[in-house]
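Please read the structure below before turning to the comments.
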Amino acid sequence: MSEREVLELLRENARYSTADIARMTDLSESEVEAAIEDLEAAGVVRGYQAVVDWDKLEDERVRAEVELNVTLDRETGYADIAARLARFPQVTALRLVSGDYDFDMEVEGDSIREVSQFVSEKVAPVPEITQTVTHYVMTSYKENGIELGDGDDDDRLSYSL
Amino acid sequence: MTLEQSERASQVPPSGIRRFFEIAEERDDVISLGVGEPDFSTPWAARDAAIASLERGQTSYTANRGMRKLREAIADYVERFDLSYDPDDEILVTTGASEAVDLAFRAFVDPGDTVAIPQPSYLSYEPGVGLAGGEVLPVQTTEDDEFRLTRDGLEAAGAADADVLVLCYPNNPTGAIMTEANLEPIADFAREHDLTVFSDEIYAELTYEGSHASIAAFEGMQERTIVFNGFSKAHAMTGLRLGYALGPAEGIDAMNRIHQYTMLSAPTTAQHAALEALASCEGDVREMVDQYDRRRRFVLSRFEELGMPCFEAKGAFYVFPKVPTEWDCEAFAEELLREEGVAVVPGDVFGAGGNGHLRVSYATGLEDLREALARIESFVTEHA
């Protein structure tokens with residue numbers, strides 16, 4: 001159960017120090033460290049990344065959501081196709097989904113041209129892929145549970161009883 | 001000509017924290033742990049319901065007692081505290097729990113009546129008693145008892161002869177809670193001495209160990225108790241001003257007779273928000289309570305580390321540390337504000353029983369709490 005608590009806190013802010021996590025839970029620092037090690041060893045926690053608002057940077061970052069339809073045969077399953085696609089560094093997320101298409105793929109690149117070329121030259125030609133629909137991200141409002149707006153100012157009085 | 005204040009109005013004391021406001025105004029880097037309201041916004045679903053009600057043009061008065069549907073939802077909600085009230089005539093929706101408190105003093109306190117109030121305690125009770133012409137009987141609670149009210153404390157204060165006993169648990173400013181076992185002797189005392197009880201349970205949902213117990217749930221207590229609760233703390237709705245009173249039908253009727261002339265009805269928009277808050281915001285409340293609990297543990301740990309002992313407050317969003325013995329709590333709070341820009345409320349504002357303590361609110365994000373505690377630590381170290 002303590003692992004679950006630590007996991008929740010890391011999901012909230014992966015940069016919380018083990019000392020702060022210990023203070024917020026009833027765990028000792030060494031127990032927190034052990035819980036994090038266990039979570040990493042078990043592959044539950046796969047990494048720690050910054051949540052970026054690309055609009056705040058001058059460098060362009062192009063992202064697209066790509067819908068993929070595939071056909072399967074006896075030798076080729078979803079996992080085979082996924083493994084092939086996931087190896088491309090341009091692919092930042094890949095999920096099998098229910099509904100009108102099979103895979104939901106997120107792609108990143110430095111330009112629209114780069115992303116378009118990647119989809120048309122590397123993804124579309126894969127024999128099992130029958131259709132691709134590319135949606136370029138125009139603006140992002142929320143990433144990883146974090147709203148990207150300017151935030152609400154704390155307009156409370158400094159003292160209230 | 002000058003407006004001549006009534007004697008009653010002139011007896012109402014000015015706020016004990018006004019001068020702190022003025023000092024805080026002078027700096028722009030103040031981190032405030034002096035706030036008695038949530039840092040969260042009202043859950044979006046509740047705000048959205050309020051907006052939708054405005055779009056539909058639902059801007060007229062409601063029934064004096066509040067929308068029937070809301071009273072039904074409140075009746076369902078308070079069942080979690082083992083309370084059972086009839087939405088027809090035992091629930092009154094008010095403009096904040098504050099209005100319910102005010103109505104109760106007006107409806108049940110006559111000139112010369114004695115109202116026993118545990119100290120330290122939230123500040124609005126004393127003026128309420130004063131305006132009704134009653135006398136306040138302070139009942140000290142102590143850190144040794146974790147600021148719980150005890151039967152011994154009531155007896156020592158002479159509360160047996162009081163007419164009304166006010167309870168406020170989870171407590172502002174100490175963060176103390178009263179468990180069922182703690183409340184039982186108090187309920188016995190109230191029955192034995194025929195006391196009316198006002199139980200302010202506005203922080204009920206913010207209970208971090210066990211679950212909240214209401215004195216009204218004890219045998220023979222519902223008929224002598226008025227419970228105050230509301231949406232300000234649990235549902236982060238302070239500015240929407242919505243609370244309620246629960247009590248026996250004739251008591252609620254007395255309060256409603258005053259309410260119908262002084263308030264007519266609680267704000268309609270807020271009632272729509274509250275209805276949605278009860279219908280769908282349980283998850284938001286749990287999430288906020290979890291956050292408060294983490295911050296509570298964090299703040300308690302930090303005070304311990306920096307050498308300011310602090311009993312384990314298990315409710316509301318306050319801790320109540322002791323200032324170092326060489327300090328007076330007013331001076332400590334003022335110097336801390338001037339030197340480090342950290343706002344806390346000196347405990348004596350809440351009655352003499354709070355002397356030597358600070359009310360520290362953790363209704364503030366963890367980053368600010370971390371920074372504020374670091375500043376307190378350097379302040380304490382510097383003045384050691």
Side-chain angles (χ1 to χ4, degrees), chain A residues 1-36 38-39 44-45 48-53 56 139-161, chain B residues 15-25 27 30-41 121-124 172-173 232 238-239 287 290-291 293-305 333 337 341-346 349-350 359 361 363-370 373:
Chain A
M1 217 40 229
S2 62
E3 273 187 18
R4 187 64 200 233
E5 227 179 329
V6 171
L7 182 61
E8 270 176 39
L9 285 164
L10 289 176
R11 296 241 308 146
E12 187 176 287
N13 182 349
R15 294 196 65 188
Y16 280 146
S17 66
T18 49
D20 280 348
I21 293 176
R23 290 183 182 114
M24 285 186 271
T25 56
D26 275 337
L27 305 171
S28 67
E29 266 192 74
S30 56
E31 285 171 322
V32 171
E33 275 162 26
I36 295 174
D38 288 350
L39 286 165
V44 176
V45 171
Y48 305 89
Q49 295 179 329
V51 178
V52 176
D53 184 351
K56 290 280 196 300
T139 304
S140 179
Y141 299 98
K142 193 171 183 180
E143 294 283 343
N144 293 49
I146 296 177
E147 284 189 60
L148 303 184
D150 291 330
D152 301 323
D153 285 342
D154 187 346
D155 50 7
R156 296 177 299 163
L157 300 171
S158 54
Y159 289 91
S160 53
L161 297 168
Chain B
S15 165
I17 48 169
R18 179 159 304 161
R19 68 194 184 89
F20 287 91
F21 260 122
E22 284 160 13
I23 306 168
E25 289 287 289
R27 300 179 60 126
V30 171
I31 299 179
S32 182
L33 310 183
V35 184
E37 60 177 324
D39 56 315
F40 301 102
S41 292
S121 189
Y122 178 58
L123 281 181
S124 84
N172 176 8
S232 292
T238 46
E287 177 59 29
D290 284 352
Q291 292 277 355
D293 192 20
R294 285 173 194 160
R295 297 167 182 181
R296 178 183 72 98
R297 291 164 196 244
F298 177 82
V299 170
L300 287 169
S301 300
R302 290 293 285 121
F303 273 115
E304 195 179 304
E305 288 163 16
L337 178 58
V342 176
V344 297
V345 180
V349 165
F350 302 94
R359 189 193 75 172
S361 164
T364 291
L366 196 76
E367 293 303 314
D368 277 350
L369 285 176
R370 189 194 282 123
L373 268 300

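Remember, it's a predicted structure, so these values are computed and weren't measured experimentally. By convention in this document, chain letters (A, B, ...) are assigned in the order of the sequence lines, proteins followed by strands, and residues within each chain are numbered from 1.
- Here B/L300 contributes atom CG and A/M24 contributes atom CE; the two are 13.5 Å apart, rounded to the nearest 0.5 Å.
- B/A24 touches chain A through its side chain: at least one heavy atom from C-beta onward sits under 4.5 Å away, while N, CA, C and O do not.
- Between A/R23 and B/E305, at least one side-chain N (NZ, or NE/NH1/NH2) sits under 4.0 Å from a carboxylate O, which counts as a salt bridge.
- Here the side chains of A/E12 and B/Q291 are in contact, with some heavy-atom distance below 4.5 Å.
- Ranked by heavy-atom pairs under 4.5 Å with chain A, the first of B/G239, B/S41, B/S15, B/A343 is B/A343.
- Only the backbone of B/V344 comes within contact range of chain A, judged by heavy atoms closer than 4.5 Å.
- With a threshold of 4.5 angstrom between heavy atoms, B/Y122 approaches chain A through side-chain atoms but not through N, CA, C or O.
- Separation of atoms OG1 (A/T25) and CZ (B/R297) is listed at 7.0 Å; rounding is to 0.5 Å.
- Contact of B/R296 with chain A is not made at all, since no heavy-atom distance falls under 4.5 Å.
- Residue A/N13 touches chain B through its side chain alone, counting heavy-atom pairs closer than 4.5 Å.
- Looking at B/L373, neither its backbone nor its side chain comes within 4.5 Å of chain A, counting heavy atoms on both sides.
- Remark: B/R370 engages A/Y16, A/D20, B/F298, B/L366, B/E367 in a side-chain contact (heavy atoms from CB on, under 4.5 Å) (not counting sequence neighbours).
- Using a 4.5 Å cut-off between heavy atoms, B/D39 touches chain A through backbone and side chain atoms alike.
- Under the salt bridge (Lys or Arg N to Asp or Glu O under 4.0 Å) criterion, B/E22 pairs with no residue, sequence neighbours left out.
- Crowding of A/Y141 atom OH: a count of heavy atoms from other residues, nucleotides or ligands under 6.0 Å not exceeding 12.
- Within residues 154-161 of chain A, the residues having any heavy atom closer than 4.5 Å to a heavy atom of chain B are A/R156, A/L157, A/S158, A/Y159, A/S160, A/L161, listed by residue number.
- With sequence neighbours left out, B/F40 forms a ring pair (Phe, Tyr, Trp, His ring centres under 6.0 Å) with B/Y292.
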